[in-house]
Amino acid sequence: MSTWCTFRTTPMTQTDILSDLFRVLSHPHRRVVLYYLREHETASLDALAACVTGWDESGPGAATSTNPVDYERVRIQLHHTHLPMLADAGFVTYDVADEEVTLGDLLPPVEDVVSTAAGIDTGEEELDLDALVASSEN
Amino acid sequence: MTAVDSVADALDRIRGPPTTVTTYGPERDESLHAFLGRFDVTLGHETLPIPVSAAYLTVRRGGEYRGSVAASAFADVADPPRDTPWDPAVRASGYTEFGPLLAGARFTSLDRPHLLATSREIEDRAFRVGEGTLYAGFQSLSAYRAQLPIYERLVAETDLRVHVYGAPDWTPPAVDGVSLHTGDTEEEGPGAEGPEADELGAFWFVAFGGGGDDAMACALVAEQVGDDDYRGAWTYDSALVRAFTAYLDATYGQEERGESPAAGERGGSGEHNV
C-alpha cells in the first residue's frame with residue numbers, strides 16, 4: 001500500500017498524503033490506539049485490546065457501536081489489520097514478537113488532525129470539516 | 001468437588017484467577033478506586049482524553065477479558081440502592097454490573113450497605129427464577145427482623161423455599177415456606193455442635209442454587225472482622241454453591257429444627273426438597 005511514511009518510493013502529492021492520512025485514521029479503533037498511545041507512549045496488544053473493547057462497550061464509542069463487541073475479535077483485528085496499518089504509516093512501531101506497540105513521531109499536521117478527531121470521537125467537540133482540512137494542509 | 005465442611009471452608013474455596021481492573025478517563029475516580037481497592041485485584045488507572053461522563057473500566061481475569069462498566073454506573077458504587085430485591089432501582093443499579101465482574105475476587109473490607117446490595121442481587125435472582133431454595137445467614141435473627149417483609153413476599157409470590165440462619169436473639173413469626181435455623185445444638189440435627197453455632201454468628205451469607213438453572217446459582221459468604229467490616233467473596237460457581245448448600249442442609253437440617261428426618265444427610269443440593 002502507499003504510505004504516509006518516510007520510506008515512500010514515489011513522489012506523493014498533498015492530496016495523496018491527505019488521502020493516506022484519512023485512510024489510516026478512517027477506522028475508530030486505529031484512532032483510539034493513537035489516543036491511548038499519545039498518553040502512554042507504549043502498550044501491550046492486550047492492554048490496547050482491552051482499552052478499545054471497553055471504549056466501544058462502555059466508553060465514548062458505546063453510543064455509536066451497534067454490534068456486540070467481542071474482545072477476541074478486537075484483539076485479532078488490531079494484531080492483523082490495524083496495528084500493521086498504523087505501523088506502515090509510521091504512526092507506531094509494532095513489535096509483533098513481543099506484542100508491544102510504541103508511538104512513533106507524529107508530524108505536527110498529523111497531531112492536529114488526531115487531536116481534532118479525538119475531540120469529536122469523545123463527544124467533546126463538534127465536527128468542523130473546514131478547520132480539519134485546513135489544519136492538515138498547513 | 002469435595003464436601004464443604006464449614007462456612008469458613010466455603011469462603012476459602014471461592015478463589016478466582018487473578019483479576020485486573022483498569023479504569024480509563026481524564027483522571028482517577030477516587031471513590032471508585034477506594035471501592036475497588038477493597039478487593040484483591042490489580043487496580044490501575046490509564047489516562048485518556050475523554051470526558052468524565054464517558055469514563056469506563058475494564059476487568060480482566062487470568063488473561064481473559066471479562067467485561068466493562070460505564071461511568072454512569074460508578075456513582076452507584078459508593079451508595080448502592082438496597083430497598084428490595086425486585087425494586088427497579090436495584091435491578092437498574094450500576095452496582096449490579098460489578099457482581100459478575102468481581103465474582104471470585106476476595107474483598108478485604110466491605111460494610112453492611114454493600115453486602116446488603118450484593119445480597120439483594122442474589123435474592124432478586126431467586127425471585128426471578130421463582131423456585132428452588134434460598135439460604136440466608138443473618139448472624140443473629142434480630143437482623144432478619146428488618147428483612148422479614150421481603151422474605152414473606154419472596155415465599156408468598158414464588159415457589160421458593162427459604163432457610164434463615166442466625167443466633168436466636170429474637171423470635172420471628174412463623175412464615176410458611178421459611179425455615180429457621182439457630183444453630184442450637186440441643187435441637188438441631190446431628191453434626192451441629194460447638195463451632196457450627198459460632199459460625200452462624202460470624203458469617204453473613206446468602207446462597208441460591210439456581211432452582212434448576214446452574215447459570216443462576218450464586219453465593220455470598222462474608223466473615224465479620226469489625227464493627228461494620230466484613231471480608232469475603234461471592235461466586236457464581238454452581239458446583240461450589242451446591243457444595244455449600246449441601247453443607248448447610250447436612251449441618252443445620254433441611255426443615256425447621258428438630259422436624260426433619262433428613263437432617264444430617266450429606267449430599268443433598270437443597271434444590272430437591274421443595
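Order of the sequence lines fixes the chain letters, A, B, ..., with proteins taken first and strands second; residue numbering starts at 1 for each chain.
- Checking B/D29 against B/H45 by side-chain atom types alone, no donor-acceptor pair falls below 3.5 Å.
- B/W204 pairs in a side chain to side chain contact (heavy atoms under 4.5 Å, CB included) with only one of the listed residues (B/V7, B/T118, B/L110, B/L115), which is B/L115.
- In this structure, A/P60 and B/Y56 have side chains that are in contact, with non-hydrogen atoms separated by less than 4.5 Å.
- Chain A forms the most heavy-atom pairs under 4.5 Å with one residue out of B/T58, B/T47, B/T22, and that residue is B/T47.
- Neither the backbone nor the side chain of B/E64 comes within contact range of chain A; no heavy atom of the residue lies under 4.5 Å from a heavy atom of that chain.
- Relative ring orientation between B/W234 and B/F107 is described as tilted, the plane-to-plane angle lying within the 30° to 60° band.
- For A/A62, no part sits under 4.5 Å from any heavy atom of chain B, backbone or side chain.
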